Protein chains: 2
Amino acid sequence: MLATVGHTSCQAATLRELALRHTTRTYHRGETIRAEGQRSESIYIVLDGWAEQHAQLRDGRSQVLAVYLPGQMCSADSFGEERLDGTLSALTRLRLGEIERDRFSAYISLYHDAAFELAASQRLQSAIQRRWLMCLGQRSALERIAHLMCELFVRQRVSGQAREWSCPFPLTQQQIAKICGLTQVHTNRVIQELRRRDLAVITRKQLRLIDFEALSATALFDPSYLQ
Amino acid sequence: MLATVGHTSCQAATLRELALRHTTRTYHRGETIRAEGQRSESIYIVLDGWAEQHAQLRDGRSQVLAVYLPGQMCSADSFGEERLDGTLSALTRLRLGEIERDRFSAYISLYHDAAFELAASQRLQSAIQRRWLMCLGQRSALERIAHLMCELFVRQRVSGQAREWSCPFPLTQQQIAKICGLTQVHTNRVIQELRRRDLAVITRKQLRLIDFEALSATALFDPSYLQ
DNA sequence: GCGACATGTTAACCCAGGTTATTGTCACGG
DNA sequence: CCGTGACAATAACCTGGGTTAACATGTCGC
């Protein structure tokens, strides 16, 4: 099953390389990179750590819209947009490469491959968003969290950041809750249930998949959307 | 509030025109246009009626991922993708323009504007998806349905298909339920509640917004994402 | 080694929305 | 004119997950 997504994406390498030739900056956990509605004059590439985009309702409720892992471009899908439609912030201590939009546009029209990569990245983000819609609309709490674990594991595996059956997982239960549209309390219950069933455990910011087959079965996880 | 989205999008006109010079075909309500996983050799443009994209879980649960109105390109965001990640089907009697991918690609590289339109259409779809994520993750049933009404009204108003405070709304309660991730029964309860509160009523496939201000307030609706 | 704040755990209670099933209403074809 | 099937409306009952609040266990700075 995992064989289909086994090769390392070359996107990460290229973007990373490009970003390193420009400004990089470090953010601490929870720090806002770019607030909703602000004009976005730059594009960002995750060099280290995890980032996230979320939107907020007037009354305080908020929902995570995307999680960005090392090598990914943040908010590729709002490239060309005047203003961001969600707040970008750091899920962990985070190092980000930043490239001004005009410079990046120039680069894109110069290197045909880069334009293709941008489009591919947008499509991937969009595909993930559609999966999340299915999760939030139809899956139970248990299925959602199991699905999130599977997704983040596979995404990290594709870009070579996972060992055999474990991978970095630096999220707090609070953060998992916001991604899955649940409360922190119920998230805790579900994580214990997954542990009790010997499917997966989170220890010291590491996710260990005890039984990946069984986990993806309970999550109804199908990795094809991750290419 | 509506003033910001008042102008008619020229996208519809151009794409429509292009599509009319190619194959058109009519589907009946509920008919599948393109099934999940199939290779998509064509792109589709809605000429008349409403279309929808949905994904399905092995156990039968299904979730609508996007609703396409006249003038829109279906699955712009999977253009360039090998295979569709959701089933495309007709919400109503539907007339669709169909253009082979290669032909469309050629057209795009020829007319610079078309490429820009495609990108804009992808971004809009993506922005709507993010809103839906927020709806499914955070909003109550009442808020979701109110939000859907607001969104579909404004989208139709932008493309000139709405009168003053009413617009076509050819969805059954079953279809609304699937869009909002609710059951048909609860959808019925909520629609009645909206009617009782004198916010909106659906009669003979038409939505009448009795009090749009109040409706968008209860939905926490902010139309800025629709450009 | 200690205070303080962030995380994780647990328990009791509650309600929005799901489930199932019956009935009403309308449109359409024969 | 009636049968059939799609759609809408109700009702009774149940449960997954929210809410609140207390407590335990880090972990970090000083």
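All values derive from a computational prediction rather than experimental measurement. For the numbers below, each heavy atom of this structure counts, side chains included, while hydrogens, waters and symmetry mates do not. Below, chains carry the letters A, B, ... as their sequence lines are ordered, and counting in each starts from 1.
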* Structure fact -> To the nearest 0.5 Å, atom CZ of A/Arg144 lies from atom CH2 of A/Trp132 at 12.5 Å
Can you tell me how far [atom2] of [N] sits from [atom1] of [X], to the nearest Å?
| X | N | atom1 | atom2 | answer |
| --- | --- | --- | --- | --- |
| B/Gln175 | D/dC7 | CD | C1' | 11 Å |
| B/Arg61 | C/dG17 | CZ | P | 18 Å |
| B/Ile202 | D/dC7 | CD1 | C1' | 13 Å |

* Structure fact -> Here the residues of residues 176-195 of chain B within 4.0 Å heavy-atom distance, strictly under, of DNA chain C are B/Gly181, B/Leu182, B/Thr183, B/Val185, B/His186, B/Arg189
* Structure fact -> In 5'-to-3' order, the base (B), backbone-only (S) or no-contact (-) status of each nucleotide in nucleotides 25-30 of chain D, using a 4.0 angstrom heavy-atom cut-off, is ------
* Worked verdict on B/Thr187 versus B/Gln173 for side-chain hydrogen bond (donor to acceptor under 3.5 Å, both in side chains) -> CA-CA 6 Å; B/Thr187 299; B/Gln173 295 186 351; over 6 Å; no
What does the list of N/O pairs under 3.5 Å between the protein and nucleotides 4-7 of chain C look like, with a distance for each?
{"unit_1": "C/dT7", "atom_1": "OP1", "unit_2": "A/Arg29", "atom_2": "NH1", "d": "3.0"}

Ignoring hydrogens and angles, state whether a donor on the side chain of [X] or [Y] is under 3.5 Å from an acceptor on the partner side chain.
| X | Y | result |
| --- | --- | --- |
| A/Glu98 | A/Thr23 | no |
| B/Gln72 | B/Arg155 | yes |
| B/Gln174 | B/Gln184 | no |
| A/Glu143 | A/Thr218 | no |

* Criterion salt bridge (Lys or Arg N to Asp or Glu O under 4.0 Å) on B/Glu193 and B/Arg189, from CA distance to verdict -> CA-CA 6 Å; B/Glu193 177 68 13; B/Arg189 294 194 274 245; over 6 Å; no
* Answer yes if the ring centres of B/Tyr68 and B/Tyr44 are under 6.0 angstrom apart, and no otherwise. => no
* Aromatic ring proximity, centroids under 6.0 angstrom, A/Phe212 and A/Phe153 -> yes
* Option from B/Arg123, B/Arg131, B/Arg130 for which salt bridge (Lys or Arg N to Asp or Glu O under 4.0 Å) with A/Asp85 holds -> B/Arg130
